[in-house]
Number of protein chains: 2
Amino acid sequence: MAITEYFIRYLQRRDSLSEADLQRLRALKTEQASYGPGDVIVPFDRTESRSCMMLRGLSARSHKLVGRPDDRVITALHVPGDFVDLHGFVLAGLEHAVIAVGSAEVEFIGHDQLTEITENFPHLTRLLWMATLIDAAVHRQWLVAAASLRSSAHLAHLLCEIYTRLNVVGAAANGQFSLPLLQRELADILGYSPIHVNRAVRDLRDRGLLRWSGADVTILDWRGLATLARFDATYLDLERRNR
Amino acid sequence: MAITEYFIRYLQRRDSLSEADLQRLRALKTEQASYGPGDVIVPFDRTESRSCMMLRGLSARSHKLVGRPDDRVITALHVPGDFVDLHGFVLAGLEHAVIAVGSAEVEFIGHDQLTEITENFPHLTRLLWMATLIDAAVHRQWLVAAASLRSSAHLAHLLCEIYTRLNVVGAAANGQFSLPLLQRELADILGYSPIHVNRAVRDLRDRGLLRWSGADVTILDWRGLATLARFDATYLDLERRNR
DNA sequence: CGGCAAATTGACACATCTCAAAGCCTGTGG
DNA sequence: CCACAGGCTTTGAGATGTGTCAATTTGCCG
């Protein structure tokens with residue numbers, strides 16, 4: 001069972017891979033698994049011995065709140081090609097759970113293989129490190145968005161980012177993509193109430209920026225959406241360079 | 001000029017360092033520099049060839065907003081021992097500036113030395129990686145706080161975190177620490193207006209949770225403050241383990 | 001057709017922002 | 001030692017953004 005080609009595209013968009021790096025990646029032993037909407041992919045647990053990568057669909061990092069079992073906060077979304085909980089390999093474990101958004105497929109990679117890569121493949125190690133740092137840059141951008149954008153613009157920013165990330169790995173084009181997020185889940189991501197998310201969605205529709213029915217989103221006016229969101233993709237680090 | 005002992009304490013709190021690792025760290029060639037309040041330590045620039053570590057004081061990651069030159073958002077605070085822009089080594093550069101909060105001293109480390117570490121010191125490499133991942137966990141926690149806490153509790157969470165991080169490296173004790181942040185800067189961190197920050201500070205004072213005058217903060221009721229903020233230090237990954 | 005979950009809408013309460021003004025501290029020059 | 005200036009902090013009042021609750025509509029699936 002070979003590692004997803006999405007991840008290789010993700011890396012090749014940012015650096016070139018040597019033949020040895022490519023072979024090492026393709027030789028990874030993985031286990032595949034499928035999940036339905038809301039299923040827990042990686043439980044909140046600090047003893048996991050493998051990390052997972054998205055193959056198909058979306059996943060989210062879901063934080064429980066102490067003393068409020070009904071509420072949760074989603075701090076990240078992951079698209080195909082993302083190495084979702086790579087950080088669980090270096091840290092003592094996860095401080096949150098990873099759940100499926102819509103139906104999803106993932107591949108698990110044992111931490112022993114990652115340790116081996118850090119011992120023998122320094123360049124590949126830096127690229128894995130890079131992947132976790134891009135996640136961190138996304139976190140920072142979400143903080144910037146949360147602090148500086150009102151609801152519609154904040155939602156618009158999320159949509160610009162997700163579309164761009166899907167587009168990078170070839171999972172979306174022509175402004176169209178599938179976003180199987182409930183408005184309740186969007187609320188957990190943006191930090192608003194579900195009702196307010198609804199108003200933001202309607203606002204973007206009323207402005208003629210997009211069409212959105214069920215899970216199908218079509219961006220009608222990219223320029224307008226990106227301007228409203230003050231979106232600038234620099235933080236996704238899409239330059240190709242030696243690392 | 002030797003690397004800061006703070007960083008070694010930071011690492012030793014989370015893993016044990018071999019004699020070889022310690023020697024490599026202490027042999028790092030560094031350049032030291034001092035800054036006054038508000039000075040730019042690392043400009044917004046994608047061509048920096050060295051990374052900096054906090055020696056004394058605080059620094060912040062400051063994001064400019066497109067089209068709003070007067071506003072900015074601060075997405076991270078760094079205390080002594082933090083390897084502030086280590087991620088600039090692996091990424092194409094920074095998407096933000098690093099500025100001094102109060103007066104500060106830092107040490108710069110050339111990226112060539114970091115590359116050399118990734119080639120020859122896999123365990124040390126994983127620890128550097130870990131440091132950047134703890135920063136990412138802090139970002140996530142800030143997102144959780146922003147989405148789930150109201151102003152006073154949100155401010156309380158920041159104070160609990162900064163005190164804990166200062167305490168870990170031995171830069172604060174007995175609930176007392178120096179926080180040379182203007183209320184305007186606190187506003188840029190929390191995503192509130194300076195006026196609202198002021199009301200939050202007053203609220204914490206009125207509840208008898210802390211004393212705060214100028215840059216001097218004394219936490220009078222840690223339990224109360226942590227409860228209000230729903231603070232749980234797990235995300236700072238303070239367990240000692242092999243990585 | 002019926003039933004359920006999600007999406008949508010309206011009305012009102014609460015949180016936070018903005019603008020304006022007053023009070024406080026500190027450094028400087030007389 | 002005092003007077004002053006400037007920046008920061010503090011306070012007040014009204015405008016805007018967002019949350020909550022309740023009800024209705026929509027869309028999917030049995």
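In this text, all values refer to a predicted model and were calculated from it rather than measured experimentally.
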Within this structure, what is the [atom1]-to-[atom2] distance between [X] and [N], rounded to whole angstrom?
X      : N      : atom1 : atom2 : value
A:L186 : C:dA6  : CG    : P     : 13 Å
B:D188 : C:dT16 : CG    : P     : 17 Å
B:N198 : C:dC24 : CG    : P     : 14 Å
B:D216 : C:dC25 : CG    : P     : 14 Å

Q) Quick check: are there more than 12 heavy atoms from other residues, nucleotides or ligands sitting under 6.0 Å from CZ of B:R223? A) no

Q: Tell me, yes or no, whether the heavy-atom count around B:N174 atom CG, taken from other residues, nucleotides or ligands under 6.0 Å, exceeds 12.
A: no

Q) Within the pair A:R205 and C:dT8, is there a side-chain N or O less than 4.0 Å away from OP1 or OP2? A) yes

Q.
With a strict under 4.0 Å distance from non-hydrogen atoms of chain A, what nucleotide opens and what nucleotide closes the contacted stretch of DNA chain D, reading 5' to 3'?
A. D:dG17 to D:dC21

Q | Within the 6.0 Å centroid threshold, strictly below: B:H63 and B:F44 | A | no

Q: For residues B:H139 and B:H87, establish whether the separation of their ring centroids is below 6.0 Å.
A: no

Q: Tell me what B:R199 touches on the nucleic acid: a base, only sugar-phosphate, or nothing, going by heavy atoms under 4.0 Å.
A: base

Q: Please work out if A:R202 contacts a base, only the sugar-phosphate, or nothing of the nucleic acid, heavy-atom cut-off 4.0 Å.
A: sugar-phosphate

**Q.** Under-4.0 Å salt bridge between A:R50 and A:D85
**A.** no

Q.
I'd like to know if A:R207 pairs up with A:D203 as an ion pair, taking the criterion as any Lys NZ or Arg NE/NH1/NH2 lying under 4.0 Å from an Asp or Glu carboxylate oxygen.
A. yes

Q | Nucleotide of C:dT9, C:dT18, C:dA15 approaching B:I195 most closely (side-chain heavy atoms) | A | C:dT18

